Asks: 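Take a look at this one; I'll ask things after.
Please read these numbers as outputs of a predicted model, since none were measured by experiment. Lettering follows sequence order; numbering is per chain, from 1.
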2 protein chains.
Amino acid sequence: MHSPDVVATKYKEQGRRLTPQRKLLFNLMHNNESHPTAEGLFEEASKRMPGISLRTVYQTLEELSEMGEIQLMHCDGGAVRFDPNVDEHHHAVCAETGELFDVYVDNIDSLRAQLPAGFEVQNVSIVFHGRVAKSAPRTARSARITTKSPARQQTVRAKSAKRTPRRTSRGSNT
Amino acid sequence: MHSPDVVATKYKEQGRRLTPQRKLLFNLMHNNESHPTAEGLFEEASKRMPGISLRTVYQTLEELSEMGEIQLMHCDGGAVRFDPNVDEHHHAVCAETGELFDVYVDNIDSLRAQLPAGFEVQNVSIVFHGRVAKSAPRTARSARITTKSPARQQTVRAKSAKRTPRRTSRGSNT
DNA sequence: TGCTTATTTGCAAATAGTGCGAACTACATA
DNA sequence: TATGTAGTTCGCACTATTTGCAAATAAGCA
Ligand SMILES: [Mn+2]
Ligand SMILES: [Mn+2]
Ligand SMILES: [Zn+2]
Ligand SMILES: [Zn+2]
């Protein structure tokens, strides 16, 4: 999402008005990496502007989405989460806290997928489900996954292990 | 999901009773590749057993899920879709029809992702958003993406591509 | 056949939004 | 600065999904 000022300008250019509610929401969403829900954003906004309506929050989020300033995410079936980061990126969800983190994947094109015949892929979304290691921060072997900070990358090591080969109906087998 | 008979046996072993409703639902879910919603399954079930309750459908789906016989999917924020395929697989969603297709990806481990520090990945889910090519079914060049049937695989070519619908690369295989 | 208890069902309630219109106000204009 | 008007806000009803609850029903065993 662009800076509040830039968004404000875009709003005016489109004949939209700059209301205190909108300005506040622009500020709350800008650089917001928490992927808040409408309700969560509403609570934050209410602190600064008691009386603001949840309806207005939904409304403004919808506008920002239509303007391409934010993205919507349906991750776990709960409330939609709004993301001011519209760059191509993916997410990691902590099963414990529900926190959402941005994840950049640079070689999606290398995936070998058996897509249905005639299916034209427009966009791929990847969600890494897991959890943030509570303690054991320096156990040496806990750093298998990647430390985001040093811009270091690492091959994913998901559950892909050897889950009991559930050979039921589906495949050609019986 | 195991065959209706096997599931029935598991039910008895757990002290659960075999009711006509459950038997019907086992049959409707077995080998069902449509990833139905509770409501959709309820409609199907109602044809065969008028009067069955939507509540019972939800109930039974929950049981099957707890028993590991089916999987739940929250894909677009709408109703949950139930999947009797519990093998490790992913999905392709047609933006037009909402249809869900199973997609097998065999090299997830090769993804280079910048995960947050200390994040332990337990499972990765990939969703290919796109659409099934309407017409042009046999135009020879329409097979760019992969024909699921011949167990042929293809490198994903998501939106990252630059729309060059002329690449007749599908001949690479036998 | 009867009993006991699991199951089914109808209905209320919870979630997460959306549709609508009356009241309100940003802001261009005089 | 006052005024007009169309864009906004906001409350509220209403939809869509799903879950909670308890009375009515019915498997499965003695
Ligand atoms: Mn849902
Ligand atoms: Mn939702
Ligand atoms: Zn994000
Ligand atoms: Zn599936």
Side-chain angles (χ1 to χ4, degrees), chain A residues 4-5 7-26 28 35-43 45-46 48-67 70-83 98 100, chain B residues 4 7-26 28 35-46 48-67 70-83 98 100:
Chain A
D5 280 353
V7 175
T9 300
K10 278 184 70 175
Y11 259 63
K12 284 203 181 166
E13 290 173 356
Q14 296 182 25
R16 299 178 191 272
R17 293 176 183 174
L18 279 186
T19 66
Q21 290 89 342
R22 284 173 172 168
K23 289 180 191 166
L24 170 57
L25 293 171
F26 295 168
L28 290 179
H35 300 82
T37 60
E39 192 76 43
L41 194 62
F42 168 65
E43 279 169 31
S46 295
R48 298 234 208 170
M49 184 184 285
I52 188 174
S53 167
L54 173 60
R55 193 68 189 77
T56 297
V57 173
Y58 271 111
Q59 180 100 315
T60 303
L61 287 169
E62 189 188 338
E63 294 163 4
L64 289 171
S65 168
E66 287 171 358
M67 295 168 67
I70 63 174
Q71 231 182 341
L72 271 58
M73 297 194 40
H74 304 269
C75 86
D76 61 324
V80 169
R81 304 190 57 163
F82 299 86
D83 193 346
L100 264 182
Chain B
V7 175
T9 299
K10 278 185 70 175
Y11 258 63
K12 283 202 182 167
E13 289 174 355
Q14 296 183 25
R16 298 179 192 273
R17 295 176 183 174
L18 278 186
T19 66
Q21 289 89 344
R22 283 174 173 168
K23 289 179 192 167
L24 171 57
L25 293 170
F26 295 167
L28 290 178
H35 300 83
T37 61
E39 192 77 43
L41 193 62
F42 168 66
E43 279 168 31
E44 279 310 302
S46 295
R48 297 236 209 168
M49 184 185 286
I52 187 174
S53 167
L54 172 59
R55 192 67 188 75
T56 296
V57 174
Y58 271 110
Q59 180 99 314
T60 302
L61 287 169
E62 189 188 338
E63 293 162 3
L64 289 172
S65 168
E66 287 172 357
M67 294 170 65
I70 64 174
Q71 231 182 341
L72 271 59
M73 298 193 40
H74 303 269
C75 86
D76 61 323
V80 169
R81 303 189 59 164
F82 299 85
D83 193 346
L100 263 182

Asks: State, yes or no, whether a side-chain contact exists between B/Met73 and B/Val80 at a heavy-atom distance under 4.5 Å.
Replies: no
Asks: What is the distance from CG of B/Leu54 to C1' of D/dT17, rounded to the nearest Å?
Replies: 9 Å
Asks: I need the CE-P distance between B/Met73 and D/dT17, as an integer number of Å.
Replies: 16 Å
Asks: Would you indicate, yes or no, if C/dT25 has its OP1 or OP2 atom less than 4.0 angstrom from a side-chain nitrogen or oxygen of A/Thr19?
Replies: no
Asks: Within the structure, does a side-chain N or O atom of A/Gln21 lie under 4.0 Å from either OP1 or OP2 of C/dT25?
Replies: no
Asks: Which donor-acceptor pairs under 3.5 Å do side chains of residues 51-63 of chain B form with protein atoms, sequence neighbours excluded?
Replies:
{"residue": "B/Ser53", "atom": "OG", "partner": "B/Arg55", "partner atom": "N", "Å": "3.0"}
{"residue": "B/Thr60", "atom": "OG1", "partner": "B/Thr56", "partner atom": "O", "Å": "2.9"}
{"residue": "B/Glu63", "atom": "OE1", "partner": "B/Tyr11", "partner atom": "OH", "Å": "2.4"}
{"residue": "B/Glu63", "atom": "OE1", "partner": "B/Arg22", "partner atom": "NE", "Å": "3.3"}
{"residue": "B/Glu63", "atom": "OE2", "partner": "B/Arg22", "partner atom": "NH2", "Å": "2.8"}

Asks: A side-chain contact here means heavy atoms from C-beta on lying under 4.5 Å apart; do A/Phe82 and A/Leu41 qualify?
Replies: no
Asks: Phosphate oxygens OP1/OP2 of C/dT18: is one of them under 4.0 Å from a side-chain N or O of A/Gln59?
Replies: no
Asks: Nearest whole angstrom, please: distance from the P of C/dT18 to the CG of A/Leu61.
Replies: 10 Å
Asks: Can you check whether A/Ser53 has a side-chain N or O nearer than 4.0 Å to OP1 or OP2 of D/dT9?
Replies: no
Asks: Nearest whole angstrom, please: distance from the P of C/dT18 to the CD of A/Glu63.
Replies: 13 Å
Asks: Would you mind classifying the nucleic acid contact of A/Ile52 as base, sugar-phosphate or nothing, using non-hydrogen atoms under 4.0 angstrom?
Replies: sugar-phosphate
Asks: With a 4.0 Å limit, can you tell me whether B/Arg22 has a side-chain N or O closer than that to the phosphate oxygens OP1/OP2 of C/dT7?
Replies: yes
Asks: Nearest-Å distance, CZ (A/Arg16) to P (D/dG7)?
Replies: 11 Å
